[in-house]
Amino acid sequence: MKIIRYRDQHGAIRYGAQQADGMARQIIGDIFGAFEVSQEKADVKKLLAPVVPPSLFCIGLNYRRHAEESRAKIPEFPVVFLKAVTAVQNPGDPIVLPRHLRSDEVDYEAELAVIIGKRCKNVSKDEALDCVLGYTCANDVSARDWQGKWGGSQWCRGKTFDTFAPLGPCLVSKDEIPDPAALKIRALLNGQVLQDWRCDDMIFDVPSVIAFLSGSTTLLPGTVILTGTPHGVGFARKPPVWLKPGDAITIEIDRIGALANPVVEEG
Ligand code: MG
């Protein structure tokens, strides 16, 4: 099932199920518990990020060829960082280039996002996918100057500016994606393909990441996990490619769809 979250014409926030004909029907109930798809047409005024995560975990350097282009060693354990939930952005809404705390090196990262479906802790790799509700596309937008030079050796500052975590366009339930490693993932900047790779290049696959993150740590329903980006990011290009006002950046994943965001300046 493809689940969307949206605002209707009365301002109410609802969930809907996308039908094969492109129309969506309203969901009644809790997508993390019991729900049903009604016959009522979803009156979608504005598409929203598919969940409001209680926390947003991210894995860095998780694709072999991206680790190579970053001149980083293959990590022994997953490289974990977090984004604040205030960084979440809706499909179609802008990525805002920071100007108050200025960055001139804002980069894109196409990522498969896992959405946790139930409270879990100390999950084994074999049980890990049982805890997943579904998947969506993410853009791990990254201010490289704040991630590196001025970040105090932590990535958090450069990764968690407002709008730096676009999610969407929909949540695809796990039954439609039995093997996330088989997915293909792309980033297109103004229509030009800059990342185009396969999720089977992940160093730590989705079950391994969930097992690691849930170790002695509770993951709540709705938790979003960004699973890393393949090679082809802007900083590793010659010359480097940075997002600029007027750009349009799109993340595409097979079976999920396209997450498109324009780029504007803070002002
Ligand atoms: Mg990333």
Side-chain angles (χ1 to χ4, degrees), residues 49 53 55-89 95 97-98 103 105-116 135-149 151 153-168 180-181 183-189 194-206 208-210 212-213 223-237 240-243 249-253 256 259 261 263:
S55 49
L56 197 51
F57 287 90
C58 308
I59 306 298
L61 299 170
N62 198 28
Y63 283 73
R64 286 175 188 83
R65 286 198 52 186
H66 174 60
E68 283 168 21
E69 75 177 352
S70 305
R71 298 201 184 88
K73 273 194 237 154
I74 299 293
E76 186 182 352
F77 296 101
V79 175
V80 178
F81 64 95
L82 286 97
K83 285 185 190 257
V85 295
T86 43
V88 171
Q89 182 58 301
I95 292 164
L97 304 176
S103 171
E105 297 183 356
V106 177
D107 204 347
Y108 53 86
E109 293 190 354
E111 306 212 2
L112 173 68
V114 177
I115 297 166
I116 295 293
Y135 303 92
T136 193
C137 305
N139 191 342
D140 175 16
V141 182
S142 305
R144 301 301 184 194
D145 32 17
W146 286 102
Q147 182 184 357
K149 278 176 275 186
S153 77
Q154 303 226 359
W155 293 359
C156 181
R157 176 62 285 176
K159 295 274 196 177
T160 195
F161 290 106
D162 284 357
T163 76
F164 271 31
L167 299 174
L183 295 169
K184 288 184 174 173
I185 182 165
R186 287 171 294 280
L188 295 88
L189 181 60
L194 294 185
Q195 292 181 284
D196 187 3
W197 203 230
R198 304 179 311 266
C199 291
D200 65 359
D201 188 36
M202 282 185 197
I203 297 162
F204 301 100
D205 63 8
V206 169
S208 304
V209 165
I210 293 170
F212 184 76
L213 288 177
T223 294
V224 170
I225 303 169
L226 270 54
T227 54
T229 198
H231 65 286
V233 297
F235 82 79
R237 294 180 168 271
V241 172
W242 307 123
L243 297 181
I249 180 82
T250 302
I251 309 303
E252 287 181 356
I253 302 179
I256 298 174
L259 167 68
N261 298 93
V263 178

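Counting starts at 1 for both ligands and their atoms, following the listed order. Nothing here was measured: the structure is a model prediction, and the numbers come from that model.
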Asker: Using side-chain heavy atoms (C-beta onward) and a distance below 4.5 Å, is Val141 in contact with Thr163?
Answerer: no
Asker: Check whether any side-chain heavy atom of Asp140 sits under 4.5 Å from a side-chain heavy atom of Lys83, and report yes or no.
Answerer: yes
Asker: With a 4.5 Å heavy-atom cut-off, do Cys199 and Ile185 have their side chains touching?
Answerer: yes
Asker: Taking the Mg ion (ligand 1) as the reference point, name the nearest N/O/S atom of Asp140.
Answerer: OD2
Asker: Write the atom name of the N, O or S atom in Glu109 that is nearest the Mg ion (ligand 1).
Answerer: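 Atom name of the closest N, O or S in Glu109: OE1.
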Asker: Can you confirm whether the side chains of Asp145 and Ser103 place a donor and an acceptor under 3.5 Å from each other?
Answerer: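 Checked: Asp145/Ser103 side chains pair up, N/O donor to acceptor below 3.5 Å.
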Asker: Provide the atom name of the closest N, O or S atom of Glu111 relative to the Mg ion (ligand 1).
Answerer: OE2
